[in-house]
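The next block holds one structure in the form of structure tokens; read it before the comments.
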Amino acid sequence: MQKTDVIIIGSGPAGCTAAIYAARNNYNVIMFTGEIKKGGQLINTEIVENYLGYKSIGGYELVQKFFEHINEYPNIKLIDETVIKVNFNTLPYNVKTVNTEVEAHSIIIATGARARLPTFYNFDKFWNKGISTCATCDGPLYKNKIVCVIGGGDHAFESSLLLSRYCPKVYVIIRNQRVRAQKLFQSKVAKKSNITIIKDAKVVEVFGKTYLENIKVQFKNKEKQILPCQGIFVAIGHIPETEIFKSHLELDKEGYIITKGTTNTSKEGIFAAGDVSDKRYRQAITAAGMGCQAAMNANNFLNGIQPKENKEGIFKLKFNLLGKIIEFSVHNGNEGEINLS
Ligand SMILES: Cc1cc2nc3c(=O)[nH]c(=O)nc-3n(C[C@H](O)[C@H](O)[C@H](O)COP(=O)(O)OP(=O)(O)OC[C@H]3O[C@@H](n4cnc5c(N)ncnc54)[C@H](O)[C@@H]3O)c2cc1C
């Protein structure tokens, strides 16, 4: 079993930023990167044009820059494994992969989320070549093009409003009659002459040479129609990567980690950052900002229970008083006071 000061689960912008902040505060950090998605969602992103400092950069290239930065710190240890089990019942907390077990007093969870995806013919062929899950991220790349949004909720309607600012035509394709978006979004969409809502329909096939050119839509009555369309924005929800935490932390009904204040979870010393707890903004830069907050919160927490300057100064006293076991923890606090608990 290994021991460290801070465990970070996840290696997207939230996890990487948290690692750098914690390492600069002189903590030993172990980061589980995940076996499959080391670097997070950005590794599959063709172009990023909204990360501060980079006018335009490939997602994979941006992630390489994150890791170059991380590799500057010898006190960050990367483990390219997926966490499969956690025990957050008592301090120190315990995290396990198939091969590794680590203990720490503070944990930062940055496991992200994945978009729910529809199934239709040629989906894989045009992924990132006309199909996206993020209008805020990729929308401006489709300026002056005809696009569609799949979905009938807030995210879909918000995306269509955004796209309507620079696309001549935006279709919103909803598989049934039910529009789940809030009334405010619905009334704003209704006022846009370049947004058309198509109900009771689903995309069944997409076409193009290298990039997407047309989509085939099938209606409930089985009729089919081909529409010119160079961009599809999927907005049918996200799935946060929180399965392993559900019996340990408070999650909302969609499975996102509930945070109080900034990044505090329902357990002391455990913090959540990025898309795993943020279903509103879902951007690399907001995830990075939350990673910074989580590491600063972890620092405060560790200073409270485990003063960095004098780890050796923690004494545990245990004695038997008339048959009862009494346990005292005595340690030097930040300002030299003695705490009894
Ligand atoms: C197609 C696409 C394009 C995008 N374009 C942009 C853009 O242009 N600009 C922008 O700002 N944002 C963009 N985004 C959004 C951005 O990528 C995310 O908001 C951001 O990556 C979230 O960061 P995160 O660190 O919270 O999580 P993620 O990036 O999702 O990273 C999660 C990490 O957790 C790891 N993990 C998960 N489970 C485990 C486990 N059990 N054990 C160990 N590790 C685990 C994964 O391996 C991964 O490393 C885009 C997203 C997509 C999908």
Side-chain angles (χ1 to χ4, degrees), residues 7-20 30-63 66-67 70 78-86 95-100 102 107-117 126-142 159 231-235 238-246 255-257 259 263 271-295:
I7 294 172
I8 296 176
I9 311 176
S11 57
C16 289
T17 307
I20 289 166
I30 287 185
M31 180 199 265
F32 289 100
T33 64
E35 274 153 292
I36 301 168
K37 264 202 321 193
K38 181 175 178 183
Q41 295 169 59
L42 288 177
I43 53 169
N44 297 321
T45 306
E46 203 163 81
I47 302 270
V48 178
E49 294 187 338
N50 52 10
Y51 199 84
L52 192 67
Y54 299 97
K55 248 166 45 184
S56 178
I57 185 165
Y60 183 80
E61 205 186 332
L62 181 58
V63 167
F66 293 165
F67 282 100
I70 278 186
L78 301 182
I79 300 183
D80 293 346
E81 294 174 12
T82 299
V83 173
I84 52 167
K85 199 165 183 210
V86 295
V95 164
K96 276 186 192 153
T97 70
V98 170
N99 304 311
T100 312
V102 186
I107 313 275
I108 295 174
I109 299 172
T111 46
R114 66 196 134 94
R116 263 179 229 282
L117 298 174
F126 292 102
W127 173 249
N128 262 335
K129 292 189 169 66
I131 303 175
S132 168
T133 51
C134 181
T136 308
C137 318
D138 297 337
L141 307 173
Y142 292 82
S159 300
I232 296 178
F233 291 87
V234 177
H238 281 75
I239 305 165
E241 302 285 3
T242 52
E243 189 59 30
I244 52 173
F245 309 117
K246 69 180 182 198
Y256 287 87
I257 296 178
T259 51
T263 59
F271 306 93
D275 288 14
V276 73
S277 60
D278 168 27
K279 55 184 162 194
R280 178 76 189 88
Y281 299 104
R282 286 197 275 255
Q283 293 295 291
I285 202 143
T286 49
M290 292 171 80
C292 155
Q293 291 175 331

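The structure displayed is predicted, hence computed values, not measured ones. Numbering of ligands and ligand atoms starts at 1, following listing order.
- With respect to atom 9 (N) of ligand 1, the closest heavy atom belonging to the protein is Asn50 OD1, 2.8 Å.
- Of all protein heavy atoms, the one closest to atom 42 (N) of ligand 1 is Val83 N, 2.8 Å.
- Nearest protein heavy-atom contact of atom 31 (O) of ligand 1 is Gly40 CA, 3.4 Å.
- Nearest heavy-atom pair, Thr133 versus Leu117, reported as atom, atom and distance to 0.1 Å: CG2-CD2, 3.7 Å.
- For the atom pair OH of Tyr60 and OG1 of Thr45, the computed distance is 13.5 Å after rounding to the nearest 0.5 Å.
- Expressed to the nearest 0.5 Å, how far CD1 of Ile70 lies from CD1 of Ile8 amounts to 7.5 Å.
- Among protein heavy atoms, atom 46 (C) of ligand 1 sits closest to Lys37 O, 3.5 Å.
- For the pair Gln283 and ligand 1, the shortest N or O to N or O distance falls below 3.5 Å.
- Distances below 4.0 Å separate heavy atoms of Gly112 from the following atoms of ligand 1: 27 (O), 30 (O), 32 (C).
- Contact record, Ala284 with Leu42: CB-CD1, 4.0 Å, taken as the closest heavy-atom pair.
- A donor-acceptor pair is defined here as one N or O able to donate and one able to accept, closer than 3.5 Å; no such pair exists between the side chain of Thr263 and the backbone of Ala273.
- In terms of protein heavy atoms, atom 7 (C) of ligand 1 is closest to Cys137 CB, 3.2 Å.
- Between the side chain of Thr100 and the backbone N or O of Thr97, no donor-acceptor pair lies under 3.5 Å.
- The two residues Asp275 and Arg282 have their closest heavy-atom pair at OD1-CA, 3.4 Å.
- The N/O atoms of Ile9, backbone and side chain alike, include none that comes under 3.5 Å of an N/O atom in ligand 1.
- The structure places CD1 of Ile239 at 4.0 Å from CZ of Arg116, a figure rounded to the nearest 0.5 Å.
- Under a 4.0 Å criterion applied to the non-hydrogen atoms of Thr82, ligand 1 contributes the atoms 40 (C), 41 (N), 42 (N), 43 (C).
- Using a 4.0 Å cut-off to heavy atoms of Leu42, the atoms of ligand 1 that qualify are 17 (O).
- Between the side chain of Gln41 and the main chain of Ala113, a donor-acceptor pair closer than 3.5 Å is present.
- Residue Thr33 approaches ligand 1 through these ligand atoms, each under 4.0 Å from one of its heavy atoms: 35 (C), 44 (N), 46 (C), 47 (O), 49 (O).
- The nearest pair of heavy atoms linking Cys16 to Phe67 is SG-CZ, 4.2 Å.
- Close approach of ligand 1 to Arg282 (heavy-atom distance below 4.0 Å) involves ligand atoms 15 (C), 19 (O).
- Put simply, OG1 on Thr111 and CD on Glu243 are 11.0 Å apart, with the number rounded to the nearest 0.5 Å.
- Atom numbering of ligand 1 starts at 1 in the shown order; those under 4.0 Å from a heavy atom of Gly34 are 43 (C), 44 (N), 47 (O).
- For Gly39, the closest heavy-atom approach to ligand 1 falls below 4.0 Å.
- In terms of polar-atom proximity, defined here as any N/O pair under 3.5 Å, Glu81 makes no such contact with ligand 1.
- Listed by atom number, the atoms of ligand 1 under 4.0 Å from Ala110 heavy atoms are 32 (C), 33 (C), 34 (O).
- For atom 29 (O) of ligand 1, the closest heavy atom belonging to the protein is Gln41 N, 3.0 Å.
- Looking only at distances, a side-chain donor or acceptor of Thr82 sits under 3.5 Å from a matching main-chain atom of Glu35.
- Nearest approach of Tyr142 to Lys129, heavy atoms of both residues: OH-C, 4.5 Å.
- Closest heavy-atom approach to atom 32 (C) of ligand 1 within the set Thr242, Asp275, Thr111, Ile36: this belongs to Thr111.
- In terms of heavy atoms, Met31 sits closest to Ser11 at SD-CB, 3.7 Å.
- In terms of N/O distances under 3.5 Å, ligand 1 is approached by Ala284.
- Contacts of Asp278 with ligand 1, taken as heavy-atom pairs under 4.0 Å, are absent altogether.
- Using a 4.0 Å cut-off to heavy atoms of Thr45, the atoms of ligand 1 that qualify are 2 (C), 3 (C), 4 (C), 5 (N).
- Ligand 1 has no atom lying under 4.0 Å from any heavy atom of Glu35.
- Scanning all protein heavy atoms for the shortest distance to atom 20 (C) of ligand 1 gives Pro13 CG, 3.9 Å.
- The protein non-hydrogen atom at the shortest distance from atom 53 (C) of ligand 1 is Thr133 OG1, 3.4 Å.
- Here the straight-line distance linking atom CD1 of Ile79 with atom CD1 of Ile9 works out to 11.0 Å at 0.5 Å rounding.
- Note on ligand 1: Phe32 sits in its first shell, one or more heavy atoms being nearer than 4.0 Å.
- Contact annotation for Ala14 and ligand 1: heavy atoms of both the backbone and the side chain come within less than 4.0 Å of the ligand.
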